[in-house]
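Notes follow the structure.
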Amino acid sequence: MIFLVSQALSQISLNGSFERYNRTYFLPALWSVSGDSQISIDTTIAKHGKASLKIASNRIGRDSIRRYYPSGLATAHEIPISIVKNKRCRISGYIKTQDVRADSNTQRVGFFVKMYNKNGENFYVHVSDSSTFRRTNDWQFHSVNFSVPDSAVMLLWGAAFIGSGTVWYDNLTVTVDGKVLDDPEIAPPSPQETRWIQQNVKLLNSDGISQTNIALTTLKKESNTAKIIALGEATHGTSEFFSMKHRLLEYLANETNVGVFAIEAYMPEAYKVNDYVLHGKGTPEDCVYGMQFWTWRNEEVVNLIKWMKEYNDNHAKKIRFWGFDMQSSQQARENIRTFVSQTDSAFLPRYNNLNNIIENIENTMNSGMLPDSLIQVAITQAKETYQILSERAKQYAQYAPTSEIQRIIQDCRIVIQSLTILRLSERESNTYRDSCMAENIRWIASQTKPDERIVLWAHNGHIMKSPQTEGITMMGEYLNKMFGKQYYTIGFSCGSGSYTAYNFDSSKVVRTNRLTEPHTGTIESYFQSANISSGLFLTKNITKTSPVYFWSTTPLELRSIGSVAEKQQYHVSLFPKYFDAFIYIANTTASKLLPPRQKR
């Protein structure tokens, strides 16, 4: 099954002409790919322009049809629901076929539409079918009409193909209440745009270690009112991103009052890193392995942790190390059990019962089942545990310092969060995870002094101030509402090179994944045209008179790769609304991964 899905914005760019595509894998811009059929841009066949979308499949027969139907082999593009809700819509375009065959009951060549409600359920599925597209046919016009009810929260559409053969699609358009949605073409960077970028970038050294005074001083000045400075990354495995963030943390710590460094890692597991940087317990290597994220299991993070330890050894002002993710409760539960056994032994049997229930849930899930009723029982008991420990906080003060008690109560929140996310749909869980991380960061902020600053480390997608996908609220949007002007974001991206990520082809984490070259319509292509090796850019410099003002109004693309290697590496972006500043590095290399440790 293939889905090409775009991120929705208040503005829309469809790339229905398929003229924008990456030159490495020949995949269409603004669309993402999953599935196992052959899908690519074809530059030899087109209805108009120079390119079309091609889907080729050799799947035929009852078994394959039963496996993939009703979604079929398809491409899909998300439309902002706010644009189409309670309106009459039409999808149209041109289709060409070659040697298409399938039995008449299951063959599909045309368009599909899916609508989802707030529970993540698809309540409307339509796959158009036209017998005229069987066998071999030249370009023919095709359309499908539908209405979008008020209950819809997400709409997907695409070019559906269930059968065997090859199908081409071109000039796809969406019409809403009789008006064709604007689908602007993007030109390559102009000389005027290139000169403007060169004039507005503060250069940095590409290794991120040597200080470039103008850029760093500018950053210090621009972020001087921020309580939280968030450092992003376009991939979870780029060495130069990590080294640059290390340099920024070092600079900000020496020049301002940084009290906390917090990273996108499990909160309880990160406590042990804090014990090392403050008290020297363990080793830096033990710290990165203990965080359980391979993304931080590298030499760059080890070097950062070593520097934090050295800094704390030589300064009265200390920097604490925190995590803020909540997808695992194992260490949190262990912390709570140890604390309860030492301070409230009468409550221990009741807590052990909760822990046994959660272990039962984990074992059941490992066998492929989701025990929903048992999860609800665990959530109820976890909330009761949180309530009891909160009420007894004063009682525990005779056994433990207030900071430890507050940390254990926070561990109870982590347990509740990690259980709650299990009951949610994939779309709901994305928003819920980010809301929890934002709440955890707000809790971290509550543990700091008023004049202390927090430096965050997370993916660009988490720190951005505005939504990238309609209906999904990210951590940065929550933090922006919580802290306002005291929340300052710095996005990161790059031009070319390699990165570390899990690669499905090799079934392991590797350092040989290649970055696709920026194509027309990507933010990176503009910085590449300006021949910037490494630099800091302030998005506030984009005004209505700027040659690149359209960056604020036209959906372009920005590189975004998570923990898994991807061929489609760019996603829809209005990046001036996401970040206060942006660091671009032309050439990058993969993070230096430490080898996995053998399980004992």
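- Without hydrogens or angle criteria, S151 side chain to N117 main chain gives no donor-acceptor distance under 3.5 Å.
- Salt bridge present: R333 and E362 bring a charged side-chain N and a carboxylate O closer than 4.0 Å.
- Applying the salt bridge (Lys or Arg N to Asp or Glu O under 4.0 Å) test to residues at least two apart or on different chains, the pairs with a partner in residues 428-440 are E264-R433, D325-R433, E439-R442.
- One distance of note links OG of S493 with CD1 of I585; it measures 9.5 Å at 0.5 Å rounding.
- Outside the 6.0 Å centre-distance limit, the rings of F324 and W443 are not counted as a close aromatic pair.
- The closest side-chain donor-acceptor pair between S239 and E300 falls under 3.5 angstrom.
- Figure legend: cation-pi geometry between R392 and F347, with NZ or CZ positioned under 6.0 Å from the six-membered ring centre and within 45° of its axis.
- With Y311 as the partner, the side chain to side chain donor-acceptor pair (under 3.5 Å) test is satisfied by one option alone out of K317, K306, K318: K317.
- No salt bridge links D411 with R337; every basic N to acidic carboxylate O contact stays at or beyond 4.0 Å.
- Just one of R453, R320, K227 meets the side chain to side chain donor-acceptor pair (under 3.5 Å) condition when paired with T448; it is K227.
- In terms of the salt bridge (Lys or Arg N to Asp or Glu O under 4.0 Å) criterion, residue partners of D313 (sequence neighbours excluded) are, by chain and number, K309.
- A salt bridge is absent between K202 and E222; no separation between the charged side-chain nitrogens and carboxylate oxygens falls under 4.0 Å.
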